[in-house]
2 protein chains.
Amino acid sequence: MENQGQGLHARVLESLGPAITAGEYGPGTVLRTDELEERFDVSRTVIREAVRVLESMRLVSSRRRVGVTVLPTEEWNVYDPQVIRWRLAGADRPRQLRSLTVLRSAVEPVAAGLAARLATPEQCAELTEHALGMVATSRGQQLAGYLVHDVAFHRVILRASGNEMFARLGEVVAEVLTGRTEHQVMFTDPDPAAVTLHVRVAEAVRERDAARAEALTREITAGAMAELDILAP
Amino acid sequence: MENQGQGLHARVLESLGPAITAGEYGPGTVLRTDELEERFDVSRTVIREAVRVLESMRLVSSRRRVGVTVLPTEEWNVYDPQVIRWRLAGADRPRQLRSLTVLRSAVEPVAAGLAARLATPEQCAELTEHALGMVATSRGQQLAGYLVHDVAFHRVILRASGNEMFARLGEVVAEVLTGRTEHQVMFTDPDPAAVTLHVRVAEAVRERDAARAEALTREITAGAMAELDILAP
DNA sequence: TCCCTCAATTAAGTATGACTTTTAGGTCAC
DNA sequence: GTGACCTAAAAGTCATACTTAATTGAGGGA
């Protein structure tokens, strides 16, 4: 799970990235290369490489005679996994979790509908396996095990949808689910209703009932939104 | 029109990025830094910066004693706007357009529902304005003008949803709509039914009717999918 | 024969200094 | 006040020397 943390430039990145996404430097703040050089005690090469990466994430913009300018939030590549991780680790984690949960609520039902049409027998089996795994771990403080199955379940749905863009949201969903478990309850067992819904989604997919898979998944995501007090349609 | 072409590293990037995303180098292909140096006739510094960016897009992975390895598609940051642009410019543009259109079909209806609850009066006015603009340009070979209003309309919806992740998909939708106009018809006027739907979505949002806005938008995206022969639920 | 260890080698990573290019911002003439 | 024209500041580029990690394969022991 830990990303490639080797290399000095990665160290600089792991310091600047979270700081910028946390809003420690407001938009328009200018960082000079030699200032950063001194601060991190590394060479220009290293700073420049880090800045290039931040620039490709649209967190900063580097201009001659000006310096490295922090860009406003609207410019950021908010789908960059690294940016998502930094923001989830920072102060506006709650807001971030809401944004991502709303995204989930839009994508996952459609993905489930597609999965019902396209899932391979193996994927159907995996779904059932993880749904049952969720049932098995849904009582008695087995939240860690439950989380594993929950994440795996949603990952399979997204992958089975056959859509590349959906599949790549698996990471995001994993982060959201992990974040929820870590931050929120941790002491209470999962909602039995949610567990049942997962089992029924697995069923619907296995039976190629796209409409039902979609509707049931919509219930799951509605539940996730309710947990975060997001106004539901 | 050409994007940020300033800087040698950008030039290298604009050559390597499209080539990799087009599959010219299969996954596992190894590029050596000094080879690239010679090929582009630039210094080590420049190549390294370009490679760092490609690495942050997860198109390649750079390892000591091995080289710069091209990663398989599943690793790519497919939400990176630059990656999206490169892929849309390349050979698998049709597949890419399909993926993105399916994503739209998941996101936009939900965004429209949220917009109906959250849009400011100004945004409502913009919606109406662009919907009427679409009507005005829907006949007599005014496709360019039509496209402008169409893109703007969807952008407003996504922005008015109040969700950052949705808002950032405005770029993607713009690319898809532009791509469709450029590639597909170009000679036939837009479908009048689609035009009407946009007008009605604007109405629904203005009247704060979330369910109707969502349903109507679903019709719009269903139409977009039908155009690409994507199996619809 | 097999496996382990270890050193050689290779290619990326880092540091540094000299130089180029862009451009914001001030200056001066008009 | 407006425009043209410097100046200097900061990023961009290059060449080179050096460091570090990891693959590879050769040698030695079981």
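Predicted model only: the values in this text are computed from it and were never measured. In what follows, chains carry the letters A, B, and so on, assigned in the order in which the sequence lines appear, proteins first and then strands, with residues in each chain numbered from 1.
As judged by a 4.0 angstrom heavy-atom cut-off over every strand, Ser62(A) is placed among residues touching the sugar-phosphate backbone only. Across all strands, Val42(A) comes closer than 4.0 Å only to sugar-phosphate atoms, never to a base (heavy-atom distances).
A donor-acceptor pair shorter than 3.5 Å cannot be found between the side chains of Arg48(B) and Thr45(A).
Note on residues 58-67 of chain A: pairs passing side-chain hydrogen bond (donor to acceptor under 3.5 Å, both in side chains), not counting sequence neighbours, are Arg58(A)-Glu75(A).
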Tell me, with the steps shown, if Val110(A) and Asn163(A) meet side chain to side chain contact (heavy atoms under 4.5 Å, CB included).
CA-CA 10 Å; Val110(A) 175; Asn163(A) 185 292; over 6 Å; no
Salt bridge (charged side-chain N to carboxylate O under 4.0 Å, His left out) for Glu14(A) and Arg11(A)? Distances and angles first, verdict last.
CA-CA 5 Å; Glu14(A) 286 304 319; Arg11(A) 221 193 70 219; over 6 Å; no
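Rounded to an integer number of Å, the gap from CD1 of Ile47(A) to C1' of dT16(C) is 15 Å. The distance from atom NE2 of His9(A) to atom P of dT14(C) is 7 Å, rounded to the nearest whole Å. Residue Glu49(A) contributes atom CD, which lies 15 Å from atom P of dT16(C) at whole-angstrom precision.
Other residues, nucleotides and ligands place no more than 12 heavy atoms under 6.0 Å from the CZ atom of Arg95(B). Other residues, nucleotides and ligands place more than 12 heavy atoms under 6.0 Å from the CD atom of Glu35(A).
The phosphate of dG13(C) has OP1 or OP2 within less than 4.0 Å of a side-chain N or O from Arg48(B). Residue Arg52(B) places at least one side-chain N or O under 4.0 Å from the OP1 or OP2 atom of dG13(C).
Each of Arg63(A) and Thr45(A) lies near DNA chain D, and the nucleotide nearest Arg63(A) is the one positioned closer to the 5' end.
Comparing dT14(C), dT22(C), dA11(D) by their nearest atom to the side chain of Arg65(A) picks out dT22(C).
Here the CG-OG1 distance, from Leu147(A) to Thr178(A), works out to 4.5 Å after rounding to the nearest 0.5 Å.
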Protein and nucleotides 17-21 of chain C: nitrogen or oxygen contacts under 3.5 angstrom:
{"unit_1": "dG17(C)", "atom_1": "N7", "unit_2": "Arg44(A)", "atom_2": "NH2", "d": "2.7"}
{"unit_1": "dG17(C)", "atom_1": "O6", "unit_2": "Arg44(A)", "atom_2": "NH2", "d": "3.0"}
{"unit_1": "dA18(C)", "atom_1": "N6", "unit_2": "Arg44(A)", "atom_2": "NH2", "d": "3.2"}
{"unit_1": "dT21(C)", "atom_1": "O2", "unit_2": "Arg64(A)", "atom_2": "NE", "d": "3.2"}

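Ring geometry for His149(A) against His130(A) counts as tilted: the plane angle lies between 30° and 60°, on a 0 to 90° scale.
Interface residues of residues 30-38 of chain A facing DNA chain D, ordered by number: Leu31(A), Arg32(A), Thr33(A); criterion, heavy-atom separation under 4.0 Å.
Contact detail for Ser99(A) and Met165(B): the closest heavy-atom pair is CB-CG, 4.0 Å.
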